[in-house]
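In what follows, a single structure is set out as structure tokens and then discussed.
None of these values were measured; they are calculated from a predicted model.
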Amino acid sequence: MSYDKFISEFYLSEQLNKPILDKNNIKVANLRDIAVCWDKNIPIGRGIKFLKDSNKLININYVKEWTKDAIILDTTLERAADIVARDEDIYIVKWILDKQLIDLKGRKLVRVNDIKISFYSKDLEKKLILLAVDVGFSGILRRLGINFLEKKVHPQLISWSYLAPISKRTSNLQLSTEFKGLKELHPADIADIIEKLAQPERSKIIESLDVESAAEVLAEADIETQINVIDSLDTEKAADILDEMPSDDAADILSELDEKKSQEILEHMDPEEASEVIELLNYEDEHVGSLMAKDYIAFSGDETIEEALNIVKKMAEEVETIYVSYVVDSKGKLIGVTSLREILISKPDEKIKDIMQKNVISLNHFDHHDKALELFAKYNLFAMPVVDNENKLLGIITVDDVLRLLIPDRSDTDTFSRFDAVKKFLREGGK
């Protein structure tokens, strides 16, 4: 038996239901799926699935030609179908097509819309190789059969050499350098990605990051994702991440967890951080105190502008916002407020107490959320200090926290994306 060298390249979408002919050129089946072995870099085809409820496969070694119109065997179907799918084999239609993949360049999730395949035949040597996945619009057009448009759109191919073998058939695809590349993205971009992933993939990404980066990513994610991720992590890892998050975010997450899990996490958190979170959890849900962040910048008033700037730089990564700072007396009572802008335009040797505003709009920690929203709207503020009955500064509250509670439809992603933009603005100093 000897054939000339034959190489063909095609897309999976073009092969589905393709007729299979035996050596007498008689149609004996249709292609339903392709089973591949993927234990190294490139998946290699083992056989063609042709029966719906059977694991019998047509051995690739019996394929004589793979043409545009048909798959031609060099023997009978009975003889060609001499292997069965193994537990480690992967059906590419069932378990790879439509899988999600993180596109690091585009900073988003993409979908496997089609698969590019090559069939090689020379004498007795036969190989079916998966070359690349098409994550572009051309793959969708090809599957819909809109060929005249598909030819005008360039495919967006990712070579299979860049993909890591999937650990489970239900897992999403991953770039072989995916987790390493993820660390180069902005936390907000990673948050957007994990919000769209199923739980196993979310946890893998979070666990691939260092604790500080994981906390930054979760702080940018929606509350449902935050709860889901923290609940899935082991207690120590969850505690380490919450230690690095703003106290109000940590309290929001723990308040939604099972009481036993929440208590276990608190016991593993840093005592000081845990104390702040417990303080917030003790407030009634409608109280402003339940929303306040305990991480903020406060001056005594005697600092020079130069000293104040150094403090702001030092604390920038730890506080809710650097855009506003507060001034307290020796007893911790609120006596003034200043903005980053005022600090930047003042002379280095001026004192904070000389540039601060003494008339401070504030909230009592037992005030209702409605009052907070009213004051935010009236004075056009991004953040407000929260004080106790003796005017001691306890924390700050930001407008996004109030709006999230008062908007009942959490599915309004456009609205909430604007709130997230406000939060980002506050945390990055109004940039």
Side-chain angles (χ1 to χ4, degrees), residues 218-228 230-231 242 245-263 265-266 269 273-296 298 319-321 323-324 326 328 332-334 337 360-427:
L218 278 188
E220 299 287 349
D222 60 49
I223 185 64
E224 287 86 355
T225 301
Q226 292 175 341
I227 295 167
N228 184 269
I230 291 297
D231 195 32
L242 291 181
M245 293 184 69
S247 52
D248 58 331
D249 285 351
D252 287 343
I253 296 169
L254 290 176
S255 67
E256 297 293 334
L257 294 181
D258 173 82
E259 185 175 347
K260 182 180 178 182
K261 174 90 174 184
S262 178
Q263 186 60 39
I265 292 174
L266 281 169
M269 288 179 66
E273 296 293 334
S275 177
E276 292 182 354
V277 172
I278 291 171
E279 180 184 342
L280 299 181
L281 290 172
N282 285 331
Y283 285 102
E284 297 295 333
D285 288 345
E286 68 271 14
H287 288 161
V288 164
S290 67
L291 298 177
M292 67 179 176
K294 302 290 289 183
D295 309 303
Y296 54 87
V319 297
E320 181 79 2
T321 178
Y323 189 59
V324 288
Y326 301 96
V328 296
K333 292 185 178 182
L334 181 66
V337 62
V360 186
I361 307 300
S362 64
L363 290 160
N364 184 278
H365 59 147
F366 290 130
D367 282 339
H368 195 279
H369 297 156
D370 290 344
K371 182 175 181 180
L373 184 62
E374 178 185 337
L375 292 182
F376 275 123
K378 180 177 180 179
Y379 294 103
N380 194 28
L381 299 171
F382 286 115
M384 272 191 288
V386 179
V387 298
D388 64 11
N389 295 336
E390 296 179 354
N391 203 43
K392 288 184 178 180
L393 182 60
L394 300 178
I396 67 170
I397 183 174
T398 54
V399 64
D400 62 299
D401 292 321
V402 179
L403 291 175
R404 283 178 180 275
L405 275 179
L406 297 179
I407 299 295
D409 184 8
R410 300 189 68 84
S411 65
D412 185 352
T413 55
D414 182 60
T415 299
F416 279 100
S417 68
R418 291 196 290 271
F419 296 164
D420 287 335
V422 172
K423 195 167 192 174
K424 179 180 177 183
F425 174 88
L426 290 167
R427 285 183 174 158

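- Taking CD1 of I227 as the reference point, atom OG of S255 lies at 7.0 Å (rounded to 0.5 Å).
- Rounding to the nearest 0.5 angstrom, the gap separating the CD1 atom in I397 from the CD atom in E320 is 10.0 Å.
- Here the closest heavy-atom approach between residue S247 and residue V277 is recorded as O-CG2, 4.0 Å.
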inquiry  = Walk me through whether D231 and E256 qualify under side-chain contact (heavy atoms from CB on, under 4.5 Å).
reply    = CA-CA 10 Å; D231 195 32; E256 297 293 334; over 6 Å; no

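- Of the candidates L394, L291, L280, H365 forms a side chain to side chain contact (heavy atoms under 4.5 Å, CB included) with just one, namely L394.
- Here the side chains of S362 and L334 are in contact, with some heavy-atom distance below 4.5 Å.
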task = Kindly determine whether E279 and M292 satisfy side-chain contact (heavy atoms from CB on, under 4.5 Å), including the steps that lead there.
result = CA-CA 10 Å; E279 180 184 342; M292 67 179 176; 3.8 Å; yes

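- Looking only at side-chain heavy atoms (C-beta outward), I230 and I265 come within less than 4.5 Å of each other.
- With rounding to the nearest 0.5 Å, the separation of NZ in K294 from CD in E273 is 11.0 Å.
- Considering all non-hydrogen atoms of both residues, I361 and P385 come closest at O-CD, 3.2 Å.
- Note that CG of L363 is 11.5 Å distant from CD1 of I396, once rounded to the nearest 0.5 Å.
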task = Determine, stepwise, if the pair F376 / V402 fulfils side-chain contact (heavy atoms from CB on, under 4.5 Å).
result = CA-CA 9 Å; F376 275 123; V402 179; 3.9 Å; yes

query = Yes or no on side-chain contact (heavy atoms from CB on, under 4.5 Å) for L281 and L266, after CA distance, side-chain angles and deciding distance?
reply = CA-CA 11 Å; L281 290 172; L266 281 169; 4.3 Å; yes

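- Atom NZ of K261 is surrounded by more than 12 heavy atoms from other residues, nucleotides or ligands within 6.0 Å.
- Taken to the nearest 0.5 Å, the NE2 atom of H368 stands 10.0 Å off from the CG atom of D285.
- Note that OG1 of T225 is 12.5 Å distant from CD of E220, once rounded to the nearest 0.5 Å.
- The only member of D388, N389, N391 that meets side-chain hydrogen bond (donor to acceptor under 3.5 Å, both in side chains) when paired with N364 is N389.
- H369 places a side-chain N or O within 3.5 Å of a backbone atom of H287 that can act as its donor or acceptor partner.
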